[in-house]
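Just so you know, these numbers come straight off a predicted model, no measurement behind them. Every chain is numbered from 1, with letters handed out A, B, ... down the list of sequences.
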Protein chains: 2
Amino acid sequence: MNEQELEKLAGLLKALGEYNRLSLVYNLCDCQAPKNAMCLCECCSIDASGVSRHLKVLAQEGVVLSERKGRETTYSLNRKEVAENLRALADKIDID
Amino acid sequence: MNEQELEKLAGLLKALGEYNRLSLVYNLCDCQAPKNAMCLCECCSIDASGVSRHLKVLAQEGVVLSERKGRETTYSLNRKEVAENLRALADKIDID
DNA sequence: TCAATTATTGCACATTTGCGCAAATGTGAC
DNA sequence: GTCACATTTGCGCAAATGTGCAATAATTGA
């Protein structure tokens, strides 16, 4: 694992390591179809602008995928990649 | 997953989500025996006090276990628990 | 065109964070 | 006790972060 990769992984974990962002991720876990921001807003104690910013961070770090659909933006989890990264780290830490 | 658990998980991820701390964790991954702080210092670009603080954060979040041995403190990874948490999250995000 | 809906951005603010340096603390060796 | 070594803590500082409010897009529908 080189420096860049480590930095990237740290970025992913940091993105996940904030309560409201992790709440958003958990919320997205359970839904099949992508959700828009208004909908995701409801699981958070913060206002829409905050949610927008958090989703932006999550998108930048590759946690979620966003797609503009008309006047709304829908978000979905980048499931495979995120899970893969987490499992790789788990394996590195503790090889069963 | 209730609020406290989510907060705890966020704390764990946040602890891991900082470059130098993640470097420390990676460093600990490869060693069988616990390492002391001076030794861990060498894998970081920061000074001893910074390493001490990072290790304290990691210990508080349950990432590492510390043990005072004479004048030095040795650290080891809390492998099972950390890996378990990461895998649980991975599974939640993407059930294979 | 105009109003409504959804999302984002600018700004300000308080808080947190990571860091180095120096001092303090704890501990073993002599 | 005195010294050396390992670690932690206090302090200050700059940078980053999370947040709300208001203003500004962007887009749809009447």
Side-chain angles (χ1 to χ4, degrees), chain A residues 3 6-28 31 33-77, chain B residues 3 6-28 31 33-77:
Chain A
E3 201 171 312
L6 203 63
E7 203 146 1
K8 193 163 183 304
L9 179 57
L12 170 65
L13 294 166
K14 186 176 186 177
L16 292 171
E18 199 276 336
Y19 181 77
N20 284 313
R21 282 199 294 267
L22 190 56
S23 300
L24 290 168
V25 168
Y26 257 76
N27 195 290
L28 281 169
C31 46
K35 267 187 179 173
N36 68 18
M38 288 310 287
C39 183
L40 289 165
C41 242
E42 289 163 20
C43 81
C44 267
S45 54
I46 57 176
D47 81 338
S49 73
V51 172
S52 176
R53 276 180 252 259
H54 280 314
L55 287 169
K56 191 176 179 182
V57 171
L58 290 172
Q60 279 171 341
E61 296 301 329
V63 178
V64 302
L65 304 168
S66 66
E67 194 180 352
R68 187 89 194 198
K69 281 182 181 169
R71 67 181 134 194
E72 59 186 22
T73 307
T74 59
Y75 296 90
S76 58
L77 276 180
Chain B
E3 201 171 310
L6 202 63
E7 202 145 3
K8 193 161 183 303
L9 179 56
L12 170 67
L13 294 166
K14 187 176 186 177
L16 292 172
E18 199 276 334
Y19 181 76
N20 283 314
R21 281 198 294 268
L22 191 56
S23 299
L24 289 169
V25 169
Y26 256 77
N27 194 291
L28 282 169
C31 46
K35 266 188 181 174
N36 66 20
M38 288 310 288
C39 183
L40 289 165
C41 241
E42 290 164 18
C43 81
C44 266
S45 52
I46 57 175
D47 82 338
S49 73
V51 171
S52 175
R53 275 181 251 259
H54 281 314
L55 288 169
K56 189 175 178 181
V57 171
L58 290 172
Q60 278 172 342
E61 297 301 330
V63 178
V64 301
L65 305 168
S66 66
E67 193 180 353
R68 189 88 193 202
K69 283 183 180 168
R71 68 180 132 196
E72 59 186 20
T73 307
T74 60
Y75 295 89
S76 58
L77 276 180

Base, sugar-phosphate, or nothing: which does A/T73 touch, judged by heavy atoms less than 4.0 Å apart?
-> sugar-phosphate

Enumerate donor-acceptor pairs with a distance under 3.5 Å from any side-chain N or O in residues 33-50 of chain B to protein atoms, sequence neighbours excluded.
unit_1	atom_1	unit_2	atom_2	d
B/K35	NZ	B/N27	OD1	2.6
B/N36	OD1	B/M38	N	3.4
B/N36	OD1	B/C39	N	2.9
B/N36	ND2	B/E72	OE1	2.7
B/D47	OD1	B/S49	N	3.4
B/D47	OD1	B/S49	OG	3.1
B/D47	OD1	B/G50	N	3.0
B/D47	OD2	B/S49	OG	3.3

Which part of the nucleic acid, if any, lies within contact of B/T74, taking any heavy atom under 4.0 Å across all strands shown: a base, the sugar-phosphate backbone alone, or nothing?
-> nothing

Between B/L28 and B/Y75 the two heavy atoms that sit nearest each other are CD2-O, 3.5 Å

Distance, nearest 0.5 Å, that separates CD of A/E61 from CG of A/L9 = 10.5 Å

Which atom pairs, donor and acceptor, lie under 3.5 Å between side-chain atoms of residues 62-71 of chain B and protein residues at least two apart or in another chain?
unit_1	atom_1	unit_2	atom_2	d
B/R68	NE	B/G70	O	3.3

Atom-to-atom span, CD1 of A/I46 to P of D/dT19 - whole angstrom | 5 Å

5' to 3' contact window, DNA chain C with chain A (heavy-atom distance under 4.0 Å) = C/dA4 to C/dC11

Roughly how many Å is it from CD in A/E18 to P in D/dG18, rounded to a whole number?
-> 5 Å

Would you mind reading off the bend of the helix from C/dT1-D/dA30 to C/dC30-D/dG1 from its two end axes, five pairs each, to 10 degrees?
-> 20°

Would you indicate what B/A48 reaches in the nucleic acid, counting non-hydrogen atoms under 4.0 angstrom: base, sugar-phosphate, or nothing?
-> base

What's touching nucleotides 25-30 of chain D from the protein side, N or O pairs under 3.5 Å?
unit_1	atom_1	unit_2	atom_2	d
D/dT28	O2	A/R71	NH1	3.4

Have a look at B/Y19 and say if it touches a base, only the backbone sugar-phosphate, or nothing, with a 4.0 Å heavy-atom cut-off.
-> nothing

Validation: residues 11-21 of chain A side-chain donor-acceptor distances under 3.5 Å, sequence neighbours left out:
unit_1	atom_1	unit_2	atom_2	d
A/E18	OE1	A/N20	N	3.0
A/E18	OE1	A/R21	N	3.0
A/R21	NE	A/A15	O	2.7
A/R21	NH1	A/H54	ND1	3.2
A/R21	NH2	A/K14	O	3.4

Of A/E72 and A/G50, whose closest DNA chain C nucleotide lies nearer the 5' terminus?
-> A/E72

